[in-house]
Each structure stands twice: as C-alpha cells, then as structure tokens.
Amino acid sequence: MNRLKAIADGQNIDAVIHDEVMSCEPVLTIKNFSLYYGKKQALYDISMPIAKGTVTALVGPSGCGKSTLLRSVNRMNDLIDSVSIEGDMLLGQESIFASGIDVIQLRKRMGMVFQKPNPFPMSIFENVVYPLRIDGERNKAILMQVCEHSLRGAALWDEVKDRLHESGLSLSGGQQQRLCIARAIASDPEVLLLDEPCSALDPIATSKIEDLIERLKGDYSILIVTHNMQQASRISEHTAFMYLGRLVELGPTSTIFTRPKLHETEDYITGRFG
Amino acid sequence: MSQHSPRVRSSHNLSAQGEPMIWLSGGMFAIACLMIVCLLSFVIVQGLATLWPRDYLLLGLVDGQVAGGEFRERQSYVLSRQNLKDLDPRSRERAEILLADQSETGSHRWYLRTGNFEITNRHFQGVPEVSIASEKPYLPKEIWLLERRQWGNLYGFPMSLSWSTPAGESTLDAVRAAMSEASVTRRGIESAKRVLERLDRDLANIRLEIRKVELAEKSDLQSVTEQVLAAAAEANTQGTPIAEAIEPLLTSQSPRARRALERLARETLTTENEQVKINESLAELEAKNNARSVVMQLPITDMVGDTPLTREQWQGALPSIPDSLRDLLGLSDVAGGIAARAFPVSSNQVLVHLESDGRPLTMAWLVWGDDLSSASVYRLREHTVLVSDIVRLIEPNRLSWFGKIGVYIERWIEFLFGEPREAGVEGGVFPAIWGTVVMTLIMSLVVMPFGVLAALYMREYAKAGWLLSVIRISINNLAGVPSIVYGVFGLSFFCYTIGGYIDGGPIKAGFDPWPSGVWFSAMAILAIVGLVAFGVSILSGKTRSKSDRWVRVIPIVSGFLWIATIVGIVVLMAKTPLFHGFYEAQLPNPTFGKGCLLWAACTLALLTLPVVIVATEEALAAVPNSLREGSYACGAGKWQTIERIVLPYARPGIITGFILAMARGAGEVAPMMLVGAIPLAADLPLDLEFPFLHGSRSFMHLGFQIYALGFQSQNSEAAKPMVFTATLLLLSIVTLLNLTAIWLRARLRKRFQSSQF
C-alpha cells in the first residue's frame with residue numbers, strides 16, 4: 001500500500017518516528033497538532049518532538065505544510081484571522097497554545113528567519129538590537145555588546161564592523177540574511193526557526209549560511225524548513241518528511257537519507273517522486 | 001489528412017498595424033499638453049506682465065481732444081454700423097468711409113490705462129483707431145505716474161509745489177525728498193492711531209468687565225455707570241479727588257462691581273487726557289502732511305477759445321508767446337517773458353509747455369482746423385495731490401531698461417509684502433498670503449492626527465469585512481463631494497452651533513436647555529451607564545478564550561455602552577442649563593459664532609480628511625508584510641511594530657499625502673467664502689499681539705481674494721491685472737507644495753528602498 005496515495009485520499013496514517021529521536025531530550029514537543037485556514041485543514045494531527053541542541057530539518061514537497069508548522073511554533077499564524085487550531089505544542093514544559101499565554105513573551109524565546117531577507121529600514125546596529133530595543137534596553141554598552149556578539153555569531157561582524165550605522169538595506173542579499181540571523185539570535189532564543197533561509201540566495205551566500213548553522217547548532221535548537229535535500233543532509237541531525245499536511249517519517253538524518261523505514265521517504269529523498 | 005484551406009494572413013489590416021490609434025492617442029496627448037501649456041502660459045504671462053512699467057502715450061483725437069494713458073495693448077474689434085453712434089461726428093465720418101457699403105469691418109483700438117479715476121470715472125479707455133488723428137503716438141518725457149494711497153494711479157504733468165524749494169533743486173527731487181519726509185510723518189500718524197485704538201480697546205475691556213458683573217449678578221449697572229462717569233468728570237474739572245466723588249454712588253454695589261466701576265472711572269479720565277494729547281499731536285502731524293502738495297496738469301482738455309496763430313509759427317521752441325494766448329490761458333499777470341515749447345502730437349495738434357524762468361507755468365493743447373491759420377486753445381485740467389498720498393513716483397517715459405526692472409522689482413516686493421491699498425485693488429496681498437498660510441497650517445495641525453490615526457485603525461487594527469469596505473468607499477466618495485457643501489456644513493455646524501455654544505451656551509446654539517432637575521437626573525443615569533461600560537470593558541479585556549457564547553457578546557455590549565456614554569455626554573453638554581458661554585458679555589456681537597480662522601481651518605480639515613486618510617492607508621498598505629512579520633517574530637507588540645517599523649516606512653507616503661492635502665486646502669475657495677474669509681481684514685490672524693494666534697478673527701485668503709477682487713469689487717476692471725498676479729502667486733504656492741511633496745517622497749524613498757540584491 002502506498003501511504004502517500006492514502007494521504008491523498010484523505011486517510012489517516014501513523015507517522016513513523018525513529019527511536020533515536022524519541023530518546024533525545026526535546027526542546028519542543030508537538031502534540032496532536034492540527035491547523036485550519038478557515039474550513040480548509042492544512043495540518044493533520046502532527047505529533048513530534050524537536051530535540052534540544054540539534055538541527056531538525058523539515059522536508060517535503062511544496063504545500064505540505066512545513067512552513068505552516070514552523071510558523072505555528074511561534075504563533076505567527078495568529079496574525080491571520082481565519083486560522084484556527086487543535087492540539088498543542090510544548091516549549092520545554094510550557095504550553096504554547098493554552099489560553100492566557102502571553103504570545104509576545106513566547107515569541108521572545110524564539111528567533112525566526114524568513115525566506116526572503118527582511119532587514120528593517122534602519123541601521124545595521126539598530127537592526128541587530130531591535131529585540132532589545134523593544135524590551136526598553138537603553139544601555140549603550142549592553143546594546144553594543146549584544147550587537148557584536150550577535151554579529152559575530154552570525155559571522156557578519158568582520159564585514160560590517162566599520163559601518164554599523166549604515167542602513168541594513170545597503171548590504172548584499174546574503175549579508176542581509178545573516179543580519180536577520182544576527183537579529184534572531186540577539187534575544188538569546190531557545191529555538192531558532194529558519195523558514196527556507198537560503199532559497200533567495202546564491203550558492204556562495206548559501207554555503208556561508210550553512211556554515212553558520214553548523215556553528216550555531218550547539219548553542220541553539222534549530223528547526224529549519226528546506227527544499228534542498230543536500231542542504232538537509234549536510235546540516236541537520238534529524239529530518240522530518242511531511243506530505244499534504246501530515247508527518248510521514250521523522251528520524252536521524254543519516255538514517256533517513258540512507259535507509260529510511262518507509263520507501264515513500266526514500267522515493268522523495270532520492271528524487272523519484274515530488 | 002483532412003484538407004483545409006491555408007489561413008489568410010493579412011498584413012494590410014489597419015487594426016493590426018495600429019497606425020490610426022497612434023495618431024488618435026498621440027493627438028489627444030498633444031491636446032492635453034497644449035491645454036496645460038496654454039493655461040500656464042496665460043496665467044504666467046498675464047501675471048508677470050501686470051506690474052511691468054509701460055510707456056505713457058498721448059494720442060491726438062480727430063474731435064480735437066487728447067487721449068493719454070499707459071499703453072496696454074492694441075486690440076482688434078469689430079467696427080459696425082451699430083457702434084458708430086458711440087463715436088464723435090468726425091470719427092463717424094471716417095468710419096463711414098472705412099465701412100463703405102459693408103455693415104461691419106475689422107478695426108483696432110488702443111487700450112490705455114488712463115488712471116485719474118476721480119476725474120474721469122474710469123481706469124481704462126479703448127480708443128478706436130478711426131478716432132485717432134496722430135500718425136504715431138507721442139511719448140511725453142515730462143509725464144509723471146503717481147501711485148497713490150487713494151484713487152489709484154494719477155498721470156499728469158507736474159506744475160508747481162505748495163512749498164518753496166531751494167533754487168537749483170528739480171521738482172522731481174523736491175517731491176521725492178518730501179515723500180520720504182511724509183513717510184516718516186505717516187509712520188508717526190499710524191503709531192498714534194494704534195495707540196488710540198489700544199486705549200479704546202482697554203476701555204471697552206473694562207466696560208466688558210462691568211457687563212460680566214451684570215450677567216453674574218443679574219443686575220443693571222447702566223445708570224450707575226453713567227452717574228459714576230459723570231461724577232468723576234465733574235470731580236476732575238473741579239480738581240477734587242475722584243475716589244471721594246464716586247464713593248457715595250458705589251456703596252450699594254458688590255465688591256466686584258465696585259472694583260470695575262472704580263477702574264472704569266479712573267481709566268476713562270486718564271484715557272481721555274491721553275486721547276486729547278495724542279489727537280493734538282495727530283492733528284499737528286496731519287497738518288504737516290497736508291501742507292505739502294503738488295499741482296499736476298492732467299491730459300484732459302477744456303477749450304478756452306481761439307487764437308489767430310498759424311500752424312507754421314508753432315514749430316519747436318518759441319522765445320515768447322502772443323498776448324492773446326496769455327489772456328486765454330490766464331497768464332496776463334505773469335511778469336517777464338514766457339517761453340514756450342511745442343510738441344507736435346499730430347499734424348495739426350501740438351502740446352505746449354509754457355515756462356517762465358525755467359519753471360513750468362502751465363500747459364496748453366492747440367488744435368488747428370483745416371485752414372491752419374487759427375487754433376483752438378485748450379487748457380489742461382489741474383489737480384492737486386498731497387505728497388503724503390503718493391506711494392511711488394515714476395517718470396514712465398524716462399525710465400531706462402534697468403530703471404524699469406527696478407520699478408518692476410519694487411512693485412513685486414510691495415505686492416508680496418505690502419498692505420493692500422484701494423480696497424485691495426492696489427498695493428500688496430501680504431495679509432492674504434499670511435492668512436492662507438496660517439489657515440493652512442492650523443488645518444494641517446487639525447487634520448494630521450485625525451487622518452493618520454483613522455487610517456492606522458482602518459489598516460492595522462480593524463478587521464477586514466463589509467463594514468470596513470463600506471466605510472472606506474464612503475471616505476473615498478467624501479473626497480469627491482463639492483467643496484461648497486463643506487462650506488455650508490462648516491457654517492451651520494462650526495460657526496452657528498459650536499461657535500454659538502462657545503459664545504453664549506446652549507441657548508445661542510439653538511438647543512433648549514433642560515430644567516435643572518431633569519438635567520441632573522440624566523447626569524446621574526449617564527454616570528451609572530459610564531461606570532457599567534467601564535466595568536464591562538475591563539471584563540472583556542480579561543477574557544481571552546473565545547469559546548463561551550456570552551463571553552463573545554461582552555465586547556459588543558461594552559462597545560454599545562461606550563457609544564451610549566459618549567452620545568449621553570454630548571446630549572448633556574448640549575442641554576445643560578448651567579453653561580452660558582465664554583463670551584456672553586460680548587453678545588450680541590459674535591466672537592466664535594461667525595466665520596473665523598478656527599472654523600475655516602476645521603472646515604478645510606474636514607475637506608482634506610479623505611485625502612489624508614486615503615494617502616495614509618495607501619502608504620501603510622505599501623509596507624511589506626515581511627517587515628511586520630519580522631518585527632512580530634522578534635517579540636514586538638502590535639503598537640511597537642507600528643511605531644518602529646510601519647510608521648517610519650510609511651512616512652514618505654504619509655507626508656506626501658499630507659502635503660497634497662495642504663495644497664488642496666490652500667487652493668480651496670468656495671467654503672472659505674462662507675466660513676471666514678473676507679476681502680479686507682483689519683488685523684492679521686497671527687501677529688505679535690497677545691495671544692498671538694487669534695482664532696476668532698476673520699482673515700484674508702488668496703483664493704478668495706482673486707474672486708472678490710475680480711468679480712465682487714466695485715471697481716473690478718481696475719482689479720483685473722491684480723487678479724492675474726494673485727492667480728500666479730496662488731499657482732506658485734500650490735506648485736511649490738506639490739514639488740516639495742515629490743522631492744520629499746523621492747528623498748525618503750531612496751533612504752528606505754536601496755539595493756535589495
């Protein structure tokens with residue numbers, strides 16, 4: 001029986017989650033999570049752990065709900081009026097979707113980088129310290145320290161240290177994306193959410209971002225959506241394969257890319273499908 | 001294989017080539033361009049040409065008269081049998097020949113600015129060419145143009161001065177020197193008048209205070225006021241202390257009334273003393289100014305008789321003139337010889353300057369009949385002009401090109417920065433510029449927060465839905481409502497209702513106040529409703545779960561309660577029996593209950609609100625959502641995102657819309673006519689006098705000035721040149737504002753949207 005065909009027919013299937021992933025300490029736990037855009041269901045009953053201090057890649061064909069799932073983690077989907085959800089997620093031990101949760105506080109514990117670089121129309125310095133600014137931090141020394149730390153973290157410091165007060169928009173695309181990463185890590189988040197961070201970049205900029213993710217993975221737990229199988233295999237410890245709003249298989253990247261439990265996953269990974 | 005005929009591919013298809021459409025659309029484009037160019041060049045040429053000094057011409061007419069004036073243009077006009085009767089007999093003869101057997105023919109006439117309005121009752125004259133005897137116009141070098149404070153321009157020949165001048169000083173220099181002295185005196189007169197005005201105002205304020213006491217105490221102080229003033233005047237003449245004299249009259253009055261009456265008595269006496277002194281010095285100054293005048297002879301002729309002189313005798317300079325002419329011109333008692341210079345204006349007409357000892361005596365206009373042996377003698381009309389009345393003295397036919405430029409610049413400076421003269425027909429439009437600018441600035445202060453916040457709510461907070469769409473469409477339509485409608489609304493709502501309320505409370509605004517009992521009970525009920533509304537909205541803020549049905553109703557209930565509270569407050573304010581207005585003492589003179597600066601600004605704010613809202617909304621919509629998301633992802637709240645990301649990004653668009661709204665507001669005339677613009681205002685709406693900004697004053701407005709000058713003034717023909725100049729000015733202000741908007745947008749956009757990749 002082909003699972004993918006079953007999914008397309010609207011049948012429920014059980015996701016296959018490898019034991020190696022289950023045994024890791026989770027930073028984020030997704031529990032029976034479903035999401036609707038109005039009446040249309042976009043995510044179906046997804047349950048999966050995201051291991052702490054590792055990179056988890058979400059792969060799957062376009063429209064399978066990877067980005068929707070990622071954006072649900074920091075409740076960016078709240079901004080869309082028609083969205084309703086079922087189920088829950090846990091950040092550490094705390095619920096993300098329970099009533100009474102302060103969404104703003106929640107988002108401050110996560111950093112997010114978008115598909116297209118979106119530096120704010122302000123100086124490089126102000127871009128990086130933006131999360132601190134909105135917390136009301138005015139101490140120049142602290143701001144400068146965080147700025148340098150974040151820019152070093154995003155491997156951008158050496159390129160921009162002499163022009164911190166130029167517009168963030170004056171940077172090249174790859175630099176802009178690293179600036180966004182610097183901004184995301186400036187608030188010292190627990191989870192870093194990367195939504196196809198390299199899709200708008202050229203190969204050189206992409207490799208720089210990948211190097212950066214390599215370096216960041218010990219300090220932060222990273223959840224990354226990508227279309228690029230090589231990228232997923234290069235940078236992630238865990239890979240989740242999604243299809244039409246459902247999780248199909250989640251396991252260690254090495255296993256998923258060499259001997260996945262499901263042949264559908266193998267078909268997709270090797271490019272025979274999708 | 002089925003057989004089908006090959007498709008015909010025409011290359012001669014007109015619609016395929018599209019040639020006609022190029023011509024059609026290009027032609028329309030050309031017409032559009034032409035219209036813009038025509039409009040602009042018309043206004044610019046007319047506006048710029050008005051103040052340029054022109055040559056002064058004298059034309060001899062076939063009926064023996066002379067026509068003189070500043071040359072404006074040579075117009076073509078239709079000479080027909082109908083308008084023959086407007087001509088004198090000799091011109092009619094010439095016209096008949098010209099017409100022959102046609103009923104009409106094309107001809108020209110010379111359009112001259114004649115000035116001398118108080119004598120001829122006109123400022124301009126069209127002289128048909130059939131009436132002109134001169135082959136070419138004569139340009140008298142000696143002619144003076146006097147721009148005066150009253151009656152407009154005067155053109156004439158200077159004759160004598162009312163005061164003696166040192167020998168060797170020319171008349172021109174003497175008058176110029178006298179003018180600068182007179183302007184000093186005039187300044188003295190003006191400041192003395194200002195002091196008088198201030199004294200009057202101070203007294204009026206004390207009387208106002210007494211009126212306030214009357215209103216507060218519901219008493220009548222009119223008779224006691226008069227008694228107090230009489231007693232004080234009495235005491236003053238007898239030299240006894242004033243306080244003692246008025247004391248018995250004040251014993252029955254309240255302390256407040258006493259204070260006011262005492263002050264009135266004291267101030268009236270000191271003011272009267274001062275007024276006497278100022279009036280004396282004023283009379284002295286005015287006498288000084290009235291002592292100096294120039295006798296001018298104007299190119300308007302009256303026949304005095306005939307003299308047997310042949311045309312040949314009158315060529316160039318004559319050492320002496322015959323006695324017959326002396327008698328005719330009333331010069332018989334002039335001692336010594338009289339020299340004459342004759343200037344031919346046409347073949348049988350001369351203008352004669354008569355001089356004695358190098359000083360001009362008089363002028364004469366000599367016209368010969370066909371036999372050229374005896375001439376009709378005409379005298380020129382004499383007119384005396386006060387030197388203090390002259391604003392500018394020019395010798396138009398002696399001006400060099402640089403001199404003309406100098407006069408032109410001087411006139412522009414007067415136009416831009418000077419006070420109006422002659423009910424705005426002459427002089428400057430500074431009060432109108434100032435009024436327009438101040439009104440537009442206040443309008444922007446009113447419209448900016450309203451418009452931007454409303455647009456912010458619509459774009460950032462309000463939930464998209466049919467209601468929002470309806471509101472948005474309504475606002476867009478509001479921008480198309482004829483502006484006079486806003487004027488009518490402003491007049492009835494702002495001026496009469498709100499202004500009336502401020503002036504004299506609910507009664508003046510047309511609301512029947514409730515009896516106290518009813519009003520206080522209503523207030524109690526409103527207080528309860530307000531408290532409940534407050535409580536419910538706190539409740540709705542606490543609940544976040546959307547599950548319970550009754551919880552979902554709470555925000556709606558709280559919304560309704562708030563609306564009810566606000567409506568209640570408005571009704572209570574309208575119906576209060578306690579408030580009688582801030583300016584009750586001034587009634588029945590309205591303070592805010594009429595058209596004035598404040599209400600004009602509010603009306604315009606209402607008018608430009610849709611422009612600001614639409615522009616702001618568009619600017620907000622142009623902010624990329626990725627920026628908002630990026631900000632939210634950093635943990636920013638809604639307002640933080642708007643304040644730090646959305647508004648700075650949208651700023652160029654907002655400012656652009658704002659400046660466009662200002663440009664629209666500055667050029668709007670129709671509502672201004674109803675809500676506060678007047679053709680001639682005594683005071684500026686913003687000046688150095690406390691409280692500096694006078695919201696209750698009427699003001700002058702450039703756009704309204706154009707309308708009032710050109711079409712409402714008694715002398716609109718004379719005002720026409722001014723209309724074009726004012727139009728040019730208004731056009732430049734609006735263009736300047738628009739250019740600023742474009743420049744600002746380009747500049748700010750560059751800052752925010754530099755290199756993406």
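So that the names make sense, note that chain A is the first sequence line, chain B the second, and so on, each numbered from 1.
- A heavy-atom distance below 4.5 Å is not found between the side chains of I104(A) and Y632(B).
- Smallest separation of non-hydrogen atoms from M112(A) and A633(B): CB-CB, 3.7 Å.
- With a 6.0 Å radius and a threshold of 12 heavy atoms from other residues, nucleotides or ligands, F450(B) has its CZ atom at or below the threshold.
- With chain B as partner, the option from L106(A), V113(A), I134(A) having the largest number of non-hydrogen pairs under 4.5 angstrom is I134(A).
- Considering SG of C634(B) and NZ of K108(A), their distance stands at 10.5 Å, rounded to 0.5 Å.
- For R71(A), the part sitting under 4.5 Å from any heavy atom of chain B is the side chain, from C-beta outward, and nothing else.
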Exercise for the section: Please report the C-alpha distance between R644(B) and F120(A) in whole Å, then the side-chain angles of each, then the deciding distance to 0.1 Å, and finally whether the side chain to side chain contact (heavy atoms under 4.5 Å, CB included) criterion is met. Expected result: CA-CA 9 Å; R644(B) 287 164 188 269; F120(A) 300 140; over 6 Å; no
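- Atom CD of E629(B) sits about 10.5 Å away from atom CD of Q115(A), to the nearest 0.5 Å.
- The environment of CD1 in I204(A) is sparse: at most 12 heavy-atom neighbours from other residues, nucleotides or ligands sit within 6.0 Å.
- The neighbour count for K31(A) NZ, taken as heavy atoms of other residues, nucleotides or ligands under 6.0 Å away, does not exceed 12.
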Handout entry: side chain to side chain contact (heavy atoms under 4.5 Å, CB included) evaluation trace for S626(B) with F114(A)
Key = CA-CA 8 Å; S626(B) 67; F114(A) 297 83; over 6 Å; no
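- Crowding of F29(B) atom CZ: a count of heavy atoms from other residues, nucleotides or ligands under 6.0 Å not exceeding 12.
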Problem - Working for side chain to side chain contact (heavy atoms under 4.5 Å, CB included), residues R628(B) and L79(A) - result: CA-CA 10 Å; R628(B) 289 195 186 87; L79(A) 302 175; over 6 Å; no
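- Residue H149(A) places its NE2 atom among 12 or fewer non-hydrogen atoms of other residues, nucleotides or ligands, all under 6.0 Å distant.
- Within 6.0 Å of NZ on K638(B) lie more than 12 heavy atoms contributed by other residues, nucleotides or ligands.
- Residues L627(B) and P119(A) form no side-chain contact, since every pair of their non-hydrogen atoms from C-beta on lies 4.5 Å or further apart.
- For CZ of F560(B), the number of neighbouring non-hydrogen atoms (other residues, nucleotides, ligands) closer than 6.0 Å is 12 at most.
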